[in-house]
Amino acid sequence: MAEGTNASNFIRDIVAADLAAGKHGGRVVTRFPPEPNGYLHIGHAKSICLNFGLAQETPGGICHLRFDDTNPTTEDPEYVQSIQDDVRWLGFDWQDKLFFASDYFERLYEFAERLIRKGAAYVDSLTAEDMRTYRGTLTEPGRNSPYRERSVEENLSLFREMRAGKFPDGTHVLRAKINMASPNINLRDPVLYRIRHAAHYRTESAWCIYPAYDYAHPLSDAIEGITHSICTLEFEDHRPLYDWVIEQAQTPHRPQQIEFARLNISYAVMSKRKLLELVEKKLVAGWDDPRLPTIKGLRRRGYTPEAIRAFCDHIGVAKRDAVVEMQLLEHFIREDLNKRSLRVMAVLKPLKVVLDNYPEGAAEELDAVNNPEDPSAGTRKVPFSRTLYIERDDFLEDPPKQFFRLAPGREVRLRYAYIIKCVGVTKDPQTGEIIELHCTYDPSTKSGADEARRKVKATIHWVSTTHATQAEIRLYNPLLIADLSKVPTDHDWTTYLNPQSLERITGCQVEPSLKGAPPGSRFQFERLGYFCTDLDSTNDSPVFNRTVPLKDAWAKLDKGQPPR
RNA sequence: UGGGGGAUCGUCUAGCGGUAGGACGCCGGCCUUUGGAGCCGGCUACCUAGGUUCGAUUCCUAGUCCCCCAGCCA
């Protein structure tokens, strides 16, 4: 985490105290342990920044990347790849510490036999339904399974037969023998292994029994020598179980589980389950759809790793449930892009302007600054000629009081160019629509010429019609949900999605320099906000993605108010 | 009703017995070679009730509200 923030991070304090006390031999080893069952989103970024950040802050500290791939039915190598890409893109490095829980299956199995031998685990043959009944409820204690007192020998041979594939799915499980009357339901003999005759994306058909999270996770941490095992709040009452497994397995290393509040962002779809549903039902273009809060979506939206990291630093790490406003995320990308993106001129809704007193066929190149906040970004030449496009909105035939831009008889400055005066308006005789404007330019007012510093009320942007290149702009609003927590499980998504989440604007005219812009380059169109070129675009004409701020997104919704 | 957690501006947070600070946001104003940029100013908070104390956001007690847990998911 960056210095200079006053955002809380109680975990950093714990780590510092442990370090000072010489705990864990003065080492800090953290891990980011995703299950490869989906793409990473901004919520994962918080965990990534936390775990990798903690390791970075400590001399000799390291953060592992471990795939928690203990459930063969949900996992896929595609996700393994995308997760690695995203962590790297965010700017973090696991060095050679890339691990897979599935690589520990054999050792985990040996630990299980050890538990059986010491009478700490048994094979249960209840059906899933019966097991639920025996577990009791939140207020009533559970009852012991009739299979709970099987002998060590019987348990051992049953467990070996489970591994050997002698039984179909669901017929037996290995359970920890803890306490069926525990007020903590997680301690009522939790399942350690289940039978799953399914191919695993890495171990293929080598196994038909798979360890459960509560069993595999603490042991994986112990095997890797993790010192601080950081997870989210919902695992708080799993901690006694985490410690129980470590204790029973007698591992030489004892990791420590610490919980923090997961990130929620207002109106963003953040659950993997729901994101998967959106992708599978093709309600979005894919995991990298710019309307999604996935890392890849944010990236296509124009977000930078730096902005995401700054955001994560700012929001802090605490134990209280929190919902961060999306405006805060937007603030960090605006701040970052302001410093680094090149300013260019673009006209979204073109209106042709003819400069009557500018020589026909002539052209000149004018100097334009690339970034007013960063002189090192340099300048570029912008071609100027007799016919230009200006923004339709920058002209009004009958301007109201507060309108200072172009109007008949009125003067305005063209950015980086001259002051022009509107002397005529050409309309379509049929429709009355304004087709073009006739103006005169004042040659003595060329930008930068200080003898002609006449003041005008407004400055507008423009592009030369003969030099401009056409572009398509896609405006992506975030996918808003009226109230995510109220969305029923089997709902119709379309009623909750922002109907105007994607808008295409074609026929835009942009500076010629944008034609060869590399994919993903970021620009700020003067007065119009931030854009990046499409990361996928192989088109000749540029396609831009634009981040639409929430405020504007709301304005486009019916009531113009945040949904509540 | 069992267990585990958590409550400070609208939002995210700082605070560790001594004037409640920052950031986002919002509202004004300025800037006019374009702002959704920049600059200036303003806005609003300690869950409640008792107690301890010269003094409580902080300590104690009793409540209230919110979140999580009854997958052979993670």
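Just so we're clear, the structure is a prediction, and the values are computed from it rather than from any experiment. Chain letters run A, B, ... following the sequence lines, proteins first, then strands; residues in each count from 1.
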With respect to the phosphate group of B:rG35, does any side-chain polar atom (N or O) of A:Arg334 fall under 4.0 Å of OP1 or OP2? no
For B:rG28, what is the paired nucleotide under Watson-Crick or G-U wobble rules, both distances under 3.5 Å? B:rC40
Taking only N and O in the side chain of A:Arg188, is any of them less than 4.0 Å away from OP1 or OP2 of B:rA70? no
Are OP1 or OP2 of B:rU33 and a side-chain N or O of A:Arg415 less than 4.0 angstrom apart? no
Distance-only donor-acceptor test, A:Asp237 side-chain atoms vs B:rG3 base atoms, 3.5 Å: yes
Answer with base, sugar-phosphate or nothing: what part of the nucleic acid does A:Arg527 contact at a heavy-atom distance below 4.0 Å? base
By the 4.0 Å heavy-atom rule, please label A:Leu126 as base, sugar-phosphate, or nothing. base
Taking the same atom, P, in B:rG51 and in B:rU8, what whole-Å distance lies between them? 25 Å
Applying a 3.5 Å limit to both distances, which nucleotide forms a Watson-Crick or G-U wobble pair with B:rA56? none
With P as the reference atom in both, quote the distance from B:rU57 to B:rU48 in angstrom, rounded to an integer. 10 Å
Using the C1' atom as the point on both nucleotides, what is the distance between B:rA56 and B:rG50, in whole Å? 13 Å
Does A:Arg194 make a side-chain N or O approach to OP1 or OP2 of B:rA74 shorter than 4.0 Å? yes
Give one of base, sugar-phosphate or nothing for A:Met345, where a contact means two heavy atoms less than 4.0 Å apart. base
Examine the base of B:rG35 for any acceptor or donor lying under 3.5 Å from a partner atom in the side chain of A:Gln524, and report the outcome as yes or no. yes
For A:Ser341, report the nucleic acid contact type (base, sugar-phosphate, nothing); a contact means any heavy atom under 4.0 Å. nothing
OP1 or OP2 of B:rU33 sitting under 4.0 Å from any side-chain N/O of A:Arg405? no
Is any side-chain heavy atom of A:Glu224 closer than 4.5 Å to one of A:Pro255? no
For B:rC72 and A:Arg132 - does any side-chain N or O of the residue sit under 4.0 Å from the phosphate oxygens OP1/OP2? no
Any strand counts, and the cut-off is 3.5 Å on both contacts for Watson-Crick or G-U wobble. Which nucleotide pairs with B:rG2? B:rC69
Base, sugar-phosphate alone, or nothing: which one does A:Ile460 contact when heavy atoms must sit under 4.0 Å apart? base
Heavy-atom closest contact (A:Phe159 atom, A:Ala112 atom, distance): CE2-CB, 3.6 Å
Please work out if A:Lys272 contacts a base, only the sugar-phosphate, or nothing of the nucleic acid, heavy-atom cut-off 4.0 Å. nothing
